[in-house]
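The structure displayed is predicted, hence computed values, not measured ones.
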Amino acid sequence: MDEETQRPEAAGTEGVVCALCGTAAGSGDAPPTWICSVESGSRRYFCDTCARSHLRAIESRLDSAWW
């Protein structure tokens, strides 16, 4: 319980990047229009364009590997 949660920039990445198309968020935090999904214990971020394209699969809670 006393472990610190690592933010993406602390984990060695340079900001948040879309897991599908590779679009960079431009800062260390994801914009409010982006979606964060936890799959297999790791966080994956999706930009608003990719999220809109796959909205039905996301709402159905399908893994991104499926769509």
**Study point:** T23 side chain reached by V17 side chain, heavy atoms, under 4.5 Å
**Key:**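 V17 does not reach T23 side chain to side chain.
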
Review point. Are the side chains of S37 and Y45 in touch, meaning some heavy atoms are under 4.5 Å apart?
Key: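 A side-chain contact is absent here, since even the closest heavy-atom pair is not under 4.5 Å.
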
Could you state the interatomic distance from [atom1] ([X]) to [atom2] ([Y]), rounded to the nearest 0.5 Å?
{"X": "R44", "Y": "S42", "atom1": "CZ", "atom2": "OG", "answer": "7.0 Å"}
{"X": "R52", "Y": "T33", "atom1": "CZ", "atom2": "OG1", "answer": "7.0 Å"}
{"X": "L20", "Y": "C47", "atom1": "CG", "atom2": "SG", "answer": "7.5 Å"}

Check your understanding: Would you say F46 and L62 are hydrophobically clustered, going by side-chain heavy atoms of ILVMFWY under 4.5 Å?
Key ->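 F46 and L62: one cluster.
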
Point to revise | Closest non-hydrogen atom pair between D29 and V16, with its separation | key: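 The answer is C-CG2, 3.9 Å.
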
